[in-house]
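A short worksheet on the structure shown next.
Position 1 is the first residue of the sequence; numbering continues from there. For ligands, and for the atoms within them, numbers begin at 1 and follow the listed sequence. Given the structure is predicted, the values throughout are model-derived calculations rather than measurements. Just the heavy atoms: all of them, side chains too, but no hydrogens, waters or symmetry mates, feed the values below.
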Amino acid sequence: MSSAVSRGTTPAGPPARQPRLTVLSGPSGVGKSTVVAHMRKVHPEVWLSVSATTRTPRPGEQHGVQYFFVDDEEFDKLIANGELLEWAEFAGNRYGTPRKAVLDRLEAGEPVLLEIDLQGARQVRESMPEAQLVFLAPPSWEELVRRLTGRGTEAPEVIERRLEAARVELAAEKEFDVTCVNTSVEDVSRELLALMLHRSGDKSTSG
Ligand SMILES: Nc1nc2c(ncn2[C@@H]2O[C@H](COP(=O)(O)OP(=O)(O)O)[C@@H](O)[C@H]2O)c(=O)[nH]1
Ligand SMILES: Nc1ncnc2c1ncn2[C@@H]1O[C@H](COP(=O)(O)OP(=O)(O)O)[C@@H](O)[C@H]1O
C-alpha cells in the first residue's frame, strides 16, 4: 500500500540537480527519530542537521550527536547572534537549527534533512520557500498514544503536554507538501530518501 501522499501542486519535473532542503515534522512519538536513524543506518551519507536544545539529555543521548545540549543563556546567545535558521519552544524546552551548517551543506551540493517541529517547519517555509515539507503521520491516534507511552522516556505529565501538542500538529498536516504514514519504518525511510533526492513535484509514492 502506498503511504506517501503528495499534496504539492507543482507539476512533475526531472530529478533535482541542485541540492534541496527537506523538513520532516510530525507529532511527538510518531517515529521521526526512528525513521531518521534507520535511513541513516542504510544511507550514512545522508546529512541530518543537529539541533541545539535546552532539554536535558535522555539516557544514551550525547552532546553533538542527537542534539547540542545547551543552557538557557547559551540558547539566548545563539538567537541574539543570528546563528539559528529557525527556533521554537516545544513542550517547555527550546530547540533551534544551527544556520551555518545547513547553508554550508546546501552550498556544497548535498541534500539536507531537518527533523523539527511544526512551528519550525512554518518558519522554514517562510524563509526558504523552496524547501520540501514532509509530514510524518501515525497510522491512528491510538497508535500514537501507544508509541509515546511505550517509549518510556517521559513522565506522565510530559506525555500529556506532548499529546496536547500532537493534536495541534495533526491538524496542520494539510500545510505540508507530502504525508508519509509511519506504518513501516523501512518503507517510510525509503520514501523519505526518495523525496530528498527528487525535485518538488516529482514526489515518490513508493511503499
Ligand atoms: N523548531 C525546531 N524543532 C525541533 C528542533 N529539533 C527538534 N525539534 C522538535 O522538537 C520536538 C521535541 O523533540 P524531542 O524532545 O527530541 O522529542 P521527540 O521528538 O519526541 O523524541 C520534536 O517535534 C522535534 O522534531 C529544531 O531545531 N527546531
Ligand atoms: N513504524 C513503527 N511501528 C511501531 N513502532 C514504531 C514505529 N516507528 C517508531 N516506533 C516506536 O515509537 C516510539 C516513538 O518513536 P520516536 O522515533 O522516538 O518518535 P519521535 O522521534 O517522532 O518522537 C519508539 O518507541 C519507537 O520504537
Which part of [X] is near ligand 1, with near meaning a heavy atom under 4.0 Å away: side chain, backbone, both or neither?
{"X": "Gln66", "answer": "neither"}
{"X": "Arg58", "answer": "side chain"}
{"X": "Arg94", "answer": "neither"}
{"X": "Tyr95", "answer": "both"}
{"X": "Gln119", "answer": "neither"}
{"X": "Gln123", "answer": "neither"}

Item to check | Test: Arg167 and Glu164 ion pair at under 4.0 Å | outcome: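 No salt bridge links Arg167 with Glu164.
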Next on the checklist: Are Ile116 and Phe75 connected into the same hydrophobic cluster when the rule is that any two of I, L, V, M, F, W, Y join if their side-chain heavy atoms are below 4.5 Å apart?
Outcome noted: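 Hydrophobic grouping puts Phe75 apart from Ile116.
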Looking at ligand 2, does [X] have a heavy atom less than 4.0 Å from it?
{"X": "Gly150", "result": "no"}
{"X": "Pro27", "result": "yes"}
{"X": "Ser28", "result": "yes"}

Next on the checklist: Test your reading of the model: is there a side-chain donor-acceptor pair from Thr54 to the backbone of Asp71, 3.5 Å cut-off?
Outcome noted: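 Flag not set: sc Thr54 to bb Asp71 has no pair under 3.5 Å.
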Checklist entry - Backbone N or O of Ala91 within a donor-acceptor pair of the Arg162 side chain at under 3.5 Å? => result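 Not at all, since once roles are kept as given, no pair shorter than 3.5 Å links the two residues.
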Counting heavy atoms only, which of [options] comes nearest to [atom]?
{"atom": "atom 5 (N) of ligand 2", "options": "Glu115, His38, Arg147, Arg162", "result": "Arg147"}
{"atom": "atom 18 (O) of ligand 2", "options": "Glu143, Arg151, Arg58", "result": "Arg151"}
{"atom": "atom 1 (N) of ligand 1", "options": "Leu84, Leu136, Asp117", "result": "Asp117"}

Next on the checklist: Only heavy atoms of Lys32, strictly under 4.0 Å: list the atoms of ligand 2 that pass.
Outcome noted: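 In order of number, 17 (O), 19 (O), 20 (P), 21 (O), 22 (O), 23 (O).
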Checklist entry - Which ligand 2 atoms does Val185 reach within 4.0 Å, using its non-hydrogen atoms? => result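 Contacts of ligand 2 toward Val185, numbered from 1: 1 (N), 2 (C), 7 (C), 8 (N).
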Checklist entry - Going by the atom numbers of ligand 1, which of them fall below 4.0 Å from some non-hydrogen atom of Gly120? => result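 The atoms of ligand 1 under 4.0 Å from a heavy atom of Gly120 are 1 (N).
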Next on the checklist: At less than 4.0 angstrom from any non-hydrogen atom of Phe90, what atoms of ligand 1 do you find?
Outcome noted: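 This gives 11 (C), 12 (C) as the contact atoms.
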Checklist entry - In the protein, which heavy atom is nearest to atom 16 (O) of ligand 1, and how far is it? => result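 Of every protein heavy atom, Tyr67 OH, 2.5 Å lies nearest to atom 16 (O) of ligand 1.
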Next on the checklist: Starting from atom 28 (N) of ligand 1, what is the nearest protein heavy atom, named by residue and atom, and what distance separates them?
Outcome noted: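 Result: Glu86 OE2, 2.7 Å.
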Next on the checklist: For His63 and Phe69, take the angle between the two ring planes, folded into 0 to 90°, and tell me which bin it lands in: parallel under 30, tilted 30 to 60, perpendicular over 60.
Outcome noted: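 Ring orientation, 0 to 90° scale: tilted.
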